[in-house]
There are 2 protein chains.
Amino acid sequence: MKKPTIKDVAKLAGVSFKTVSRVVNGESCVSEQVKNKVQLCIEQLNYQPNRTAQVMRRAPKSIAFVYDNPNSHYVIEMQNGILSECRKKGFELVIHPTDSHSEQVKKDLASMIGTNLIGGVILTPPLSENNQLITYLLNLDAKVVRILSGSQAPDNLSPTIYVDDINAGQKITNHLLTCGHKRIAFIGHQPSHMSSEGRLTGYRKALATSSIQIDENIILPGEFTFESGVEMTNKLMEKKPRPTAIFACNDEIAAGAIFAARLRNLRVPEDISIVGFEDSPFSRQTWPKLTTVHQPNADIAAKAAAFLIDLMLDVPCAKPKSYGFQLDLVERDSVFQLAD
Amino acid sequence: MKKPTIKDVAKLAGVSFKTVSRVVNGESCVSEQVKNKVQLCIEQLNYQPNRTAQVMRRAPKSIAFVYDNPNSHYVIEMQNGILSECRKKGFELVIHPTDSHSEQVKKDLASMIGTNLIGGVILTPPLSENNQLITYLLNLDAKVVRILSGSQAPDNLSPTIYVDDINAGQKITNHLLTCGHKRIAFIGHQPSHMSSEGRLTGYRKALATSSIQIDENIILPGEFTFESGVEMTNKLMEKKPRPTAIFACNDEIAAGAIFAARLRNLRVPEDISIVGFEDSPFSRQTWPKLTTVHQPNADIAAKAAAFLIDLMLDVPCAKPKSYGFQLDLVERDSVFQLAD
DNA sequence: AATTAACATGACAACGTTGACAAACAATTT
DNA sequence: AAATTGTTTGTCAACGTTGTCATGTTAATT
C-alpha cells in the first residue's frame with residue numbers, strides 16, 4: 001500500500017529515475033519512444049510526484065490568504081476567487097484569519113514563510129494598508145500582492161489590485177440625486193477604513209457637483225454591522241428635516257437601516273430610500289431588495305492570486321504591475337423616484 | 001538573506017546538527033548546559049525548522065476541509081473552528097470547495113493525499129454521507145472524520161461527529177405547539193439531505209405525541225435558499241385553512257418566508273409565526289428576529305479537527321471514537337403566543 | 001572513414017530534516 | 001580497579017525529488 005515513487009516507475013520502465021523525472025516535468029531531450037513507455041508505467045502505477053520532495057528542491061507552491069474581516073460573504077467570495085486561480089496553476093491555499101490589531105500576524109506569517117510553507121501572501125484591508133507589514137514580508141523574501149481601495153496604486157511597494165470606491169460612491173450618490181433626493185444621509189463612516197473613506201469621498205464629490213449643500217450632521221460614523229445600521233438610522237430619524245435617502249456604507253448596514261425604519265413604521269422606499277454597497281447576498285434578501293453597488297469580490301481576488309502566482313513563478317516582469325476595478329450600480333427596489 | 005538551517009545553528013553552537021535537532025524536538029538526553037547554548041543560538045539566528053523537510057521524514061501536518069455548501073456562514077464558521085484547532089496543534093488547513101455531484105472530488109483528494117500534501121480529511125454533508133468516498137479515502141491511507149446528521153454514528157467506518165437534528169426538530173416543533181399552534185407547516189424538505197430529513201422526523205415525532213393529525217399537504221419540499229423560502233411560502237398561503245406557523249428548515253428559508261408573508265401584508269408573527277434553524281447571522285437580521293435552533297458550527301468543526309489530528313498523531317486509541325451534539329432552542333421574536 | 005555536433009540517458013550530489021546505531025563519557029556497582 | 005550501567009553526543013543513511021555533469025548514442029559534416 002506504499003505510495004509509488006519515481007524510482008518504482010523507473011524500475012518498471014527499465015530506465016533511470018532521472019529520465020522519469022524528465023518525463024514528469026516535460027523536459028525536452030527525451031525520445032518519443034521512452035517518453036511513451038514511461039508515461040504508460042506512470043499510469044499503471046498511478047504515480048504522483050511527492051510535492052513535499054519537489055518543494056524541497058524548488059520553491060513553495062502555496063500562498064496564504066490573510067484576512068481580518070467579520071463579513072463571511074466577503075471572505076468566502078475572496079477565498080473562492082483565489083482558489084479558482086490556484087487550482088488552475090497547481091497551487092495550494094493556506095488560510096489565515098487574524099486580528100490585525102495584534103502583532104501575532106507578523107509572527108505567524110514570518111513562521112509560515114520561514115518554514116518554507118508558503119512563498120507569497122495576499123493581503124486585504126486593513127492589513128493591506130500597513131506598509132510596515134508589507135516591507136517586513138518583502139524583507140523575508142516573500143512575494144506580496146495587496147488589495148486596496150483607491151483610484152490608483154498608492155506606491156509600487158508591491159503589485160496592487162485597487163478598487164475604485166470613490167467613483168462608485170459618486171455613481172450611487174448621483175443615482176439618488178437623479179431620483180430627486182435632496183437630503184441624503186451617509187452612514188457607516190470609518191475614518192481608518194480606506195473603502196469607507198473612498199465611498200464618502202465619492203458622496204462628497206457627487207454632492208459638490210450638484211447644487212446641494214453638504215450637511216455634516218447627517219454623515220454618521222459607525223461599524224460595518226447590522227446593529228450599527230440600526231443604531232445610526234435611529235439617530236438619523238430624529239434629525240429635522242428628516243433625510244429622504246440613506247447611503248449606507250455596506251449592505252449589512254443597509255439591512256440594519258431597513259430594519260430600523262420598519263420599526264418606526266416608515267415605508268421603504270416610499271418614506272425613505274436606502275442604498276447599500278457590495279451587492280452581497282444580503283442585498284437580495286432584504287425587503288425590499290437593495291439598490292447597491294456590485295463588488296466582484298471573486299474576480300478581484302482571482303486577479304490578485306494570478307498576480308501573486310506570476311510573481312512567484314518569476315514570470316519575467318521585473319516591475320510590480322497593478323490593476324484597477326471599476327464598480328457598477330445595480331438597481332433594485334429600495335430607491336424611490338421622488339415626484340417634483 | 002538565506003534561511004538558516006539546522007547546520008548553521010550547529011556550527012554556531014559548536015555541536016553536531018543532530019544535537020540541535022534533539023533540542024528542537026524537545027527530546028530528552030540533552031544536558032541542560034548544551035540545551036541552553038543551542039537555544040540561544042537558535043534565537044540568535046532566528047532559526048525555524050523547515051517544515052517541508054520535516055514532513056519528508058515524518059508525516060504531513062496538513063488536513064483538508066472539503067465542502068459543497070453554498071452557505072457562507074456555515075462554511076466560515078466551520079473553517080474557523082477547524083483552524084482554531086489546527087493552530088493549537090501546529091497543523092495547516094487546505095481548503096477544498098467542490099461539487100459533490102462530480103467525480104472530480106475523488107481525483108482532487110486522491111492527488112492531495114497521493115502527493116503527501118495532506119494526511120487527513122474532514123467531510124461535511126453531503127460528502128460525509130458517501131460511504132463509497134470514505135472507503136476510497138481510507139484505502140488511500142488517509143485519515144477521515146465526518147460530520148453527520150443523526151442521533152448516533154451510523155457505523156464505525158470512521159470517527160463521526162453527529163448532530164442531533166431529530167431531537168432539535170422535535171424541540172422547536174414542541175415550542176410552537178406549546179404556544180398554541182395547531183396547524184404547523186414544514187418547508188424546505190429535501191429527501192436526500194440527512195439534516196433536512198432529521199428535522200422533519202423531529203417535526204413528525206412532536207406532532208405524533210400531540211393530538212394533532214399530520215397534514216402532508218403542508219409539508220413542502222424545497223431548496224435551502226431565500227428564493228425557495230419565498231416560493232414555498234407563497235404556495236402555503238393558498239392552502240385552506242392557512243397554517244398559523246411555519247417551521248422552515250433553515251434560517252435562509254425562514255428569511256424568505258418572512259419576505260413572502262410581508263408581500264401579502266401578513267404580520268409576522270401576529271398573523272403567521274415562523275421559525276428557522278441554524279442560528280446563522282441571518283436570524284438576527286430579519287424583522288422580526290427569528291426564533292431558531294442554535295447550531296454551534298465552530299465547536300462542531302473544532303471537535304472534528306481535534307479527532308482528526310489525534311488520529312493522525314496516532315494517539316493510542318485504536319477504535320474510532322464518535323461524539324454527538326445536542327442543539328438548543330433560541331427564542332426571539334418570530335413566534336406568536338396564541339390565546340385560547 | 002574520421003571527426004564533430006546534437007541529442008538522449010545515466011550517475012551522483014544536494015535539499016534539510018529525522019531515525020538507527022555507535023561512540024564517548026560519567027556514574028554506579030561489583 | 002574492573003565491570004557494568006546509564007546518559008550524552010556524534011556519524012551516517014534515508015526520505016523523494018531536481019540540478020549538474022559525465023557518458024553513451026546517433027546523425028551530420030568533413
Side-chain angles (χ1 to χ4, degrees), chain A residues 2-39 41-42 45-62 90 111-117 119 141 313-314, chain B residues 2-39 41-42 45-62 90 111-117 119 141 313-314:
Chain A
K2 257 198 106 255
K3 288 162 196 160
T5 75
I6 206 168
K7 291 186 182 170
D8 297 322
V9 178
K11 197 176 290 173
L12 184 65
V15 296
S16 81
F17 69 94
K18 178 70 233 207
T19 301
V20 178
S21 168
R22 276 193 260 263
V23 174
V24 170
N25 292 55
E27 287 170 40
S28 54
C29 293
V30 181
S31 68
E32 275 309 307
Q33 195 189 346
V34 173
K35 193 147 99 184
N36 289 337
K37 188 169 59 179
V38 171
Q39 228 128 31
C41 294
I42 288 177
L45 293 181
N46 189 28
Y47 164 75
Q48 295 174 306
N50 181 323
R51 269 182 102 101
T52 313
Q54 279 182 325
V55 169
M56 265 202 42
R57 300 293 294 150
R58 307 232 233 234
K61 287 185 82 176
S62 296
S111 154
M112 292 200 280
I113 294 161
T115 60
N116 231 33
L117 201 92
D141 251 353
L313 259 26
D314 228 351
Chain B
K2 256 198 106 251
K3 287 163 195 160
T5 74
I6 205 168
K7 290 186 182 170
D8 297 321
V9 178
K11 198 176 290 175
L12 184 67
V15 295
S16 81
F17 70 95
K18 178 71 233 206
T19 302
V20 178
S21 168
R22 277 193 259 263
V23 174
V24 170
N25 293 54
E27 287 169 41
S28 55
C29 293
V30 182
S31 69
E32 276 310 304
Q33 195 189 347
V34 174
K35 193 148 99 186
N36 289 336
K37 188 169 54 179
V38 170
Q39 227 127 32
C41 295
I42 288 177
L45 294 181
N46 190 27
Y47 164 75
Q48 294 174 306
N50 181 324
R51 267 183 104 99
T52 313
Q54 278 182 326
V55 168
M56 268 205 35
R57 298 292 297 154
R58 306 229 232 234
K61 287 186 82 175
S62 296
S111 155
M112 292 199 281
I113 295 161
T115 60
N116 231 33
L117 200 95
D141 253 353
L313 259 26
D314 228 351

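Each chain gets a letter, A, B and so on, in the order the sequences are listed, and its residues count up from 1.
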Nearest-angstrom distance from the residue atom CD of B:Glu32 to P of D:dT9: 11 Å
Approximate separation, where rounding is to 0.5 Å, of B:Gln39 CD and B:Glu32 CD: 9.0 Å
Exceeds 12 heavy-atom contacts within 6.0 angstrom, atom CD of B:Glu27: yes
Heavy-atom donor-acceptor pair, A:Asn50 side chain to A:Thr52 backbone, under 3.5 Å: yes
Shortest non-hydrogen contact from B:Val24 toward B:Tyr47: CG2-CE2, 3.9 Å
Axial bend angle, the helix from C:dA1-D:dT30 to C:dT30-D:dA1: five-pair end segments, nearest 10°: 60°
Length of the line joining A:Asn116:CG and C:dC15:C1', which is rounded to integer Å: 10 Å
Below 4.0 Å: OP1/OP2 of C:dG10 and any side-chain N or O of A:Thr19: yes
Residues which pass side chain to side chain donor-acceptor pair (under 3.5 Å) with A:Thr19, listed by chain and number, not counting sequence neighbours: A:Ser16
Side chains of A:Lys3 and B:Asn116, donor plus acceptor under 3.5 Å: yes
Value rounded to 0.5 Å, distance of NZ in A:Lys35 from CZ in A:Arg22: 12.5 Å
N/O (side chain, A:Ser16) to phosphate O (OP1/OP2, C:dA11) under 4.0 Å: no
Nearest-0.5 Å distance that lies between atom CG in A:Leu313 and atom CZ in A:Arg58: 10.0 Å
Gap between atoms NZ and P, on A:Lys35 and C:dC7 respectively (whole Å): 14 Å
Length of the CD-P vector between A:Gln33 and D:dT26, whole Å: 11 Å
Side-chain heavy atoms of A:Val20 within contact of A:Val15, under 4.5 Å: yes
Sugar-phosphate, base or nothing in reach of B:Val55, heavy atoms under 4.0 Å: nothing
Per-nucleotide protein contact string for nucleotides 16-25 of chain D (B base, S sugar-phosphate only, - none; heavy atom under 4.0 Å): BBBB------
Rounded interatomic separation in angstrom, taking CG from A:Asn36 and P from C:dA8: 13 Å
